[in-house]
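Here is the structure we will look at.
The analysis underlying the following values was restricted to heavy atoms, covering all of them including side chains, and did not include hydrogens, waters or symmetry mates.
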Amino acid sequence: MEHLPSKPRLLALTFIIFICFTASISAYMAAALLEFFITLAFLFLYATQYYLRFDRLNWPCLDFLRCVSAIIIFLVVSFAAVTSRDGAAIAAFVFGIILVSVFAYDAFKIYRTEMAPRTTQEDQQ
């Protein structure tokens, strides 16, 4: 997989948001914790090459859907948390927007490298 280097950044940002939500609004920390564990699982599978044993699964598609679901979850939770106007909630909102942009970049990169239809010279003629 070519998009492995962005996973540790996503993991670190997700953990930071989890800490911010735990400090401010504990009702939203479950979403950040869930995404943390999902990203950790994908990082483990890619780093150990264990995903190659499950050849029937479309791993780029699963990784793309993980990114899209994280974008939706963190957008909703970040905007909901900023309504409390607490310092940690505002920090969680800022890190949430940063994380959404990193997840969007990761989804774009996955789509571009692994899922986009490739054109050959025969198709262009």
Side-chain angles (χ1 to χ4, degrees):
M1 291 284 151
E2 297 174 10
H3 55 279
L4 180 62
S6 66
K7 300 262 185 289
R9 281 180 254 151
L10 293 173
L11 197 63
L13 282 172
T14 307
F15 187 71
I16 289 170
I17 290 175
F18 169 70
I19 297 298
C20 290
F21 281 141
T22 304
S24 65
I25 305 169
S26 61
Y28 298 125
M29 75 177 191
L33 187 63
L34 179 67
E35 275 305 320
F36 176 78
F37 284 132
I38 291 172
T39 304
L40 184 65
F42 269 82
L43 177 66
F44 173 77
L45 289 172
Y46 285 139
T48 61
Q49 303 291 320
Y50 195 72
Y51 72 98
L52 295 173
R53 295 185 183 185
F54 302 106
D55 57 348
R56 293 189 180 193
L57 294 175
N58 188 352
W59 286 102
C61 185
L62 286 175
D63 203 12
F64 178 78
L65 291 175
R66 177 192 60 85
C67 288
V68 170
S69 68
I71 289 168
I72 294 169
I73 288 170
F74 279 116
L75 269 178
V76 169
V77 169
S78 293
F79 279 107
V82 79
T83 59
S84 76
R85 306 229 186 260
D86 185 23
I90 293 172
F93 171 75
V94 171
F95 282 117
I97 297 302
I98 293 170
L99 186 64
V100 164
S101 64
V102 173
F103 269 118
Y105 175 72
D106 194 29
F108 171 74
K109 198 163 62 169
I110 292 167
Y111 179 77
R112 186 87 186 246
T113 60
E114 310 256 354
M115 298 174 58
R118 293 176 176 82
T119 59
T120 60
Q121 291 180 353
E122 295 174 6
D123 293 341
Q124 294 175 354
Q125 294 175 355

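- The SG atom of C61 lies 10.0 Å from the CD1 atom of I110; values are rounded to the nearest 0.5 Å.
- For the residue pair T83 and A80, the shortest heavy atom distance occurs at OG1-O, 2.6 Å.
- Closest heavy-atom contact between D106 and C67: OD2-SG, 3.4 Å.
- Considering only heavy atoms from C-beta on, F103 stays 4.5 Å or farther from L13 through its side chain.
- Residues V77 and A31 approach most closely at CG2-CB, 4.0 Å, considering heavy atoms.
- With sequence neighbours excluded, no residue satisfies ring-ring contact (aromatic ring centres under 6.0 Å, His included) with F18.
- Proximity of a side-chain donor or acceptor of W59 to a complementary backbone N or O of Y46 within less than 3.5 Å is not detected.
- Note that CD1 of I17 and CE of M29 are 15.0 Å apart. Values are rounded to the nearest 0.5 Å.
- Considering only heavy atoms from C-beta on, I97 comes within 4.5 Å of F79 through its side chain.
- Contact check for S78 versus V100: no side-chain heavy atoms found under the 4.5 Å cut-off.
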Side-chain donor-acceptor pairs under 3.5 Å in residues 33-42, sequence neighbours left out?
unit_1: T39; atom_1: OG1; unit_2: E35; atom_2: O; d: 2.8
unit_1: T39; atom_1: OG1; unit_2: R66; atom_2: NH1; d: 3.4

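- With sequence neighbours excluded, no residue forms a ring-ring contact (aromatic ring centres under 6.0 Å, His included) with F64.
- A single hydrophobic cluster is seen to contain both L99 and V94, as judged by linkage of ILVMFWY side chains at heavy-atom distances under 4.5 Å, directly or through other members.
- Rounded to the nearest 0.5 angstrom, L62 CG and F54 CZ are separated by 11.5 Å.
- Nearest heavy atom pair, residue T14 against residue A32, reads CG2-O, 3.3 Å.
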